[in-house]
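Lettering of chains follows the sequences in order, A, B, ..., and the numbering in each one begins at 1. Note that the coordinates shown come from a computational prediction; the quantities given were computed from them, not determined experimentally.
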Amino acid sequence: MSISTKYNPKEVEKKWYESWMQRGFFHSEPNPNKEPYTIVIPPPNVTGVLHMGHMLNNTIQDVLIRRARMQGKEACWVPGTDHASIATEAKVVALLKERGIEKKDLTREEFLKYAWEWKEKYGGIILEQLKKLGASCDWDRTRFTMEDDLSAAVIEVFVDLYRKGQIYRGVRMVNWDPLGGTALSDEEVIPKDTMAKMYHLNYEVVAEGAAAPTYITVATSRPETIMADVAVAVNPNDERYMHLHGKSVRIPLLGKEIPVILDEYVSIDFGTGALKVTPAHDLNDYELGQKHKLPTIDILNNDGTLNEQAQLYVGQDRFAARRNIVKDLQEAGLLVKIEEYASVLQTSERTGAVIEPRLSMQWFCKMDKMAGPALESVMNDEIRLHPPKFKNMYRSWMENIRDWCISRQLWWGQQIPAYYLPDGSFVVATTAEEALVLARKESGNENLQLSDLRQDEDVLDTWFSSWLWPISVFDGFKDPDNKDILYYYPTNDLVTAPEILFFWVARMIMAGYEFRNEMPFKNVYLTGIVRDTQGRKMSKSLGNSPDPLDLIDQYGADGVRAGMLFSSPAGNDLLFDEKLVEQGRNFSNKIWNAFRLIKGWEVDESLPCPNETAIKWFDSRFNEAFAQIEDHFSKFRISDALLAVYKLVWDDFCSNYLEMIKPAYQQPIDKQTLDTTIDYLEKVLKVLHPFMPFITEEIWHDLKARKDKEYLIVAAWPKKDKFDKQVIDTMESVLNIVGSVRNIRNSKNIPNNKQLDLFIKVMNHDHYEPFFGVMRKLANLGEVQYVQESIDGAISFIVSGDEFFIPMEGNIDLDAERERLTKELEYTKGFLLSVDKKLSNERFVSGAPESVISNERKKKADAEAKIKAIEQSLASL
RNA sequence: GGGGUGUUAGCUCAGCUGGUUCAGAGCACCUGCCUUACAAGCAGGGGGUCACUGGUUCGAAUCCAGUACGCCCCA
């Protein structure tokens with residue numbers, strides 16, 4: 001038989017993925033005889049392509065879902081995509097631009113037509129990429145946040161919340177791009193470090209009957225906004241300005257009187273310690289203005305020119321106005337000085353224009369009521385965050401929650417179902433027709449027509465559809481009692497990144513309680529961010545992110561999956577190194593070769609089984625490791641679970657078990673050993689399958705002929721079983737003995753093929769006999785036997801309190817041996833001293849629990865025995 | 001500025017209720033091996049003042065306080 005010494009993942013992966021799909025293993029239907037296990041995918045942007053973050057995230061979900069499926073649960077992983085209004089609209093705009101089409105020349109309908117065309121053509125590539133990773137999603141259930149049913153749910157929820165008084169209109173500061181004529185999200189704003197100028201201006205203090213005018217100097221980077229000033233603020237503790245408390249000042253040039261207000265917000269050391277307050281044109285000033293109930297004067301037009309409110313420089317661009325006012329101020333003698341300082345300039349990602357903070361009317365969703373149950377369920381562990389350290393962060397955010405701005409000045413998304421009447425009032429309804437009925441009723445004007453109503457131009461924030469995701473993918477709004485939602489909801493586990501804990505996770509929890517009176521999921525597993533080896537976030541602009549598909553191509557999906565999970569505990573960032581994936585690939589190869597070895601054996605049914613001890617040991621060892629693996633899973637320690645499987649396969653199964661039972665070259669194996677070994681390999685494949693689905697399925701089928709649906713993907717997950725700790729412990733000692741022998745070979749340059757003899761002088765154990773065979777095989781020993789006395793002319797070592805001798809036929813370096821033994825003797829004596837010290841401390845003996853004390857006594861006895869043995873050996877040298 | 005969180009081997013991290021699985025794993029490194037499953041491998045080995053300072057305790061990597069540095073989220 002010839003099987004390649006290297007595992008070749010390419011065709012294997014394609015073959016099994018297709019095969020799993022064909023047989024419908026990924027598909028789920030409600031089954032009352034089975035326990036449901038449900039995951040909804042965090043929907044990636046429909047425009048997105050697979051990046052390393054998706055890889056990690058979806059590998060974890062696939063591990064969880066595959067394990068649940070093997071456990072016999074009705075496993076359902078719902079995939080889908082998010083319409084991502086900002087990102088998608090930006091891509092469509094860019095694409096149209098390449099074709100010479102400007103968005104502003106299109107109507108809303110024309111633009112949306114292009115957008116949908118584009119979505120149909122390029123959208124959802126990412127889902128195809130997930131298949132390459134092996135993701136076992138139920139593709140029949142693929143959903144999209146902007147498909148009809150899901151959009152209908154969004155509108156329904158909006159109307160519902162509006163009627164409950166949870167949605168209102170209000171003013172908010174937005175990032176305005178005067179060149180693009182649009183508001184931008186924070187993500188679309190690029191901060192640029194620049195040198196800016198700080199202008200120091202004199203505001204005249206209003207003082208009746210003063211002989212000469214006195215001034216207060218205010219520092220500002222934006223002198224052209226002084227016409228929008230409504231106050232000057234100083235810190236109440238600032239000694240320089242005590243005399244101004246309760247006074248007023250005049251705006252330079254304009255002469256308008258404004259109050260001096262006191263607020264600790266003003267930092268005494270920055271600028272002159274006096275701050276002009278311009279609520280319409282600065283976020284901090286806006287908040288200050290709200291706090292002190294000051295008016296808001298907006299002096300800018302959409303395109304960045306000054307309007308009538310400014311009174312001066314009307315019609316001029318903000319930068320031209322700045323130049324002019326500086327000149328005028330200078331001439332008026334009110335400009336004290338100009339300073340250069342390092343500042344951060346906010347610019348538009350798309351037009352490069354300097355961002356103008358601007359007040360605008362937006363829609364908000366109240367959060368305080370919904371936050372209550374959402375906070376409580378996490379605090380009392382109804383919903384568990386993994387790792388739990390995120391609970392604190394969650395709490396502080398939820399306790400200081402702000403209302404949610406849900407409107408966006410875009411076209412791609414669900415248009416807000418608010419309809420304006422000609423008089424400026426509005427009604428909210430699911431359709432225009434319903435809106436008309438409402439509008440007629442509320443206005444008392446029965447003559448109103450559809451054409452008199454104007455729907456709000458804005459669309460809803462994308463999160464306003466994704467917060468409904470766990471409910472809407474099962475049509476829980478359209479049909480609240482359908483069998484899917486009743487069966488699959490609440491879902492089990494959610495796997496996502498901590499950076500969207502608030503944007504998304506918290507809001508889904510709120511929506512769950514608000515609309516279904518039930519949590520949306522029981523566990524939230526928070527992954528870390530995938531970074532490069534220097535700890536930098538992976539990003540397109542840095543070019544430090546490998547293409548996941550290239551990696552799969554090069555190392556195989558199984559190798560990449562394992563690589564991603566090595567060293568990525570929950571909540572910790574993953575410093576991605578291609579070496580990890582290499583390790584994953586090497587692991588694939590290791591398993592492959594173990595399979596090759598077993599597959600290559602000829603069986604001789606007449607042979608007796610010489611491997612009882614090894615067989616008994618691995619059975620116990622498997623059960624012990626399996627219990628650890630299950631424990632890791634129960635705590636969502638996926639990385640640790642994989643590492644435990646890794647060691648079980650590599651160390652226990654390959655390095656130890658297979659070496660113990662391996663027949664000599666070209667010798668046949670007995671039937672019992674072979675059958676048991678195949679059973680063991682199957683068990684190992686099972687626990688490995690969630691992590692490395694392809695190679696395990698391949699070996700599963702190569703190992704034996706299988707019936708039609710007898711696939712590993714649906715094979716029964718092992719059950720916890722008892723294990724013999726004694727056998728495991730003894731084998732550990734045996735492996736230590738073997739290690740010591742090998743070490744001696746190594747240090748004495750004794751070739752592996754030269755047999756050595758071993759004599760055991762038992763102190764504590766006399767149960768090594770069943771393990772003699774294992775020792776002989778692994779250490780290449782000839783004679784192995786118990787003795788009563790030390791052996792002269794032998795190298796000795798101690799394992800678990802017993803002394804072992806290897807006769808050396810005179811080629812012992814006596815000095816070296818004496819030195820080694822002396823060293824060990826000294827160490828042991830020191831150890832004994834520390835134990836004695838502890839035991840003679842009365843407070844320890846009276847204070848420590850009995851078990852700790854008896855343990856110390858045992859340590860003392862062991863150490864004393866060891867010292868005696870070493871001393872004897874030294875004497876015999 | 002507010003809140004959170006972290007610092008253990010060269011790197012990435014475990015270490016759960018303070019006490020023999022307490023200083024551990026993987027990778028990297030060093031030495032020797034192409035020994036018929038695997039050089040993508042085998043065997044062996046070296047390496048840490050558990051950030052710093054103090055406290056609690058019979059006993060601290062572990063609990064508490066402070067300091068330094070880092071990261072995350074919000075503003």
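Partners of Lys366(A) according to the side-chain hydrogen bond (donor to acceptor under 3.5 Å, both in side chains) rule, which considers only residues two or more places apart in sequence or in another chain, do not exist here. Partners of Glu864(A) by side chain to side chain contact (heavy atoms under 4.5 Å, CB included), not counting sequence neighbours, listed by chain and number: Leu832(A), Lys860(A). With sequence neighbours left out, the salt bridge (charged side-chain N to carboxylate O under 4.0 Å, His left out) criterion links Lys647(A) to no other residue. Every residue was checked against the salt bridge (charged side-chain N to carboxylate O under 4.0 Å, His left out) condition with Glu13(A), not counting sequence neighbours, and none meets it.
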Nucleotide N/O of nucleotides 3-9 of chain B paired with protein N/O under 3.5 Å:
{"from": "G3(B)", "atom 1": "O2'", "to": "Ser396(A)", "atom 2": "OG", "distance (Å)": "3.0"}
{"from": "U5(B)", "atom 1": "OP1", "to": "Asn392(A)", "atom 2": "ND2", "distance (Å)": "2.6"}

Quick test: give all pairs of protein nitrogen or oxygen and nucleotides 20-24 of chain B nitrogen or oxygen below 3.5 Å, distance rounded to 0.1 Å.
none

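Nucleotide U21(B) is shown with a syn base, its glycosidic torsion being within 90° of 0.
Comparing C16(B), A25(B), C27(B) by their nearest atom to the side chain of Lys579(A) picks out C27(B). Comparing C16(B), C73(B), A75(B) against the side chain of Phe502(A) picks out C73(B) as the nearest.
Remark: the separation of the C1' atoms in G47(B) and G6(B) is 24 Å, to the nearest Å.
Ser620(A) places a side-chain N or O within donor-acceptor distance of the main-chain N or O of Asp724(A), the cut-off being under 3.5 Å. Formation of a donor-acceptor pair under 3.5 Å by the Arg745(A) side chain with backbone atoms of Pro751(A) is found in this model.
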Seminar exercise, completed: Writing each nucleotide of RNA chain B 5' to 3' as (, ), [, ], | or . by Watson-Crick or G-U pairing under 3.5 Å yields (((((((..((((.....[....)))).(((((.......))))).....(((((..]....)))))))))))).
Seminar exercise, completed: The contact string for nucleotides 58-64 of chain B, one letter per nucleotide 5' to 3', using protein heavy atoms under 4.0 Å with B, S and - for base, sugar-phosphate only and none, comes out as B------
Problem set entry | Contact letters for nucleotides 34-44 of chain B, in which S counts primed atoms plus P, OP1 and OP2 and B counts the base, heavy atoms under 4.0 Å | -BBBB-BSSBS
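Closest-nucleotide positions on RNA chain B for Leu643(A) and Glu287(A) were compared, and the one nearer the 5' end corresponds to Leu643(A). Positionally, the nearest nucleotide of RNA chain B for Tyr646(A) lies more toward the 5' end than for the other of Tyr646(A) and Trp397(A).
Each side chain to side chain donor-acceptor pair (under 3.5 Å) pair with one or both residues in residues 582-591 of chain A, not counting sequence neighbours, appears once here: Gln583(A)-Tyr646(A). Applying the salt bridge (charged side-chain N to carboxylate O under 4.0 Å, His left out) rule to pairs touching residues 728-737 of chain A yields Lys725(A)-Asp729(A), sequence neighbours excluded.
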Side-chain donor-acceptor pairs under 3.5 Å in residues 553-564 of chain A, sequence neighbours left out?
{"from": "Tyr555(A)", "atom 1": "OH", "to": "Glu578(A)", "atom 2": "OE2", "distance (Å)": "3.0"}
{"from": "Asp558(A)", "atom 1": "OD1", "to": "Phe694(A)", "atom 2": "N", "distance (Å)": "3.1"}
{"from": "Asp558(A)", "atom 1": "OD2", "to": "Phe694(A)", "atom 2": "N", "distance (Å)": "3.4"}
{"from": "Asp558(A)", "atom 1": "OD2", "to": "Ile695(A)", "atom 2": "N", "distance (Å)": "2.7"}
{"from": "Arg561(A)", "atom 1": "NE", "to": "Phe691(A)", "atom 2": "O", "distance (Å)": "2.9"}
{"from": "Arg561(A)", "atom 1": "NH1", "to": "Asp62(A)", "atom 2": "OD2", "distance (Å)": "2.8"}
{"from": "Arg561(A)", "atom 1": "NH1", "to": "Leu133(A)", "atom 2": "O", "distance (Å)": "3.0"}
{"from": "Arg561(A)", "atom 1": "NH2", "to": "Asp62(A)", "atom 2": "OD2", "distance (Å)": "2.9"}
{"from": "Arg561(A)", "atom 1": "NH2", "to": "Pro690(A)", "atom 2": "O", "distance (Å)": "2.8"}

For this session: Could you walk me through whether Thr673(A) and Asp670(A) pass side-chain hydrogen bond (donor to acceptor under 3.5 Å, both in side chains), step by step?
Result: CA-CA 6 Å; Thr673(A) 302; Asp670(A) 67 283; 2.7 Å; yes
For this session: Using the side-chain contact (heavy atoms from CB on, under 4.5 Å) rule, take Phe844(A) and Glu856(A) through it: C-alpha gap first, then chi angles, then the decisive distance, then the call.
Result: CA-CA 11 Å; Phe844(A) 170 73; Glu856(A) 291 300 316; 3.8 Å; yes
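Separation of the Phe622(A) and Tyr680(A) ring centroids does not fall under the 6.0 Å cut-off.
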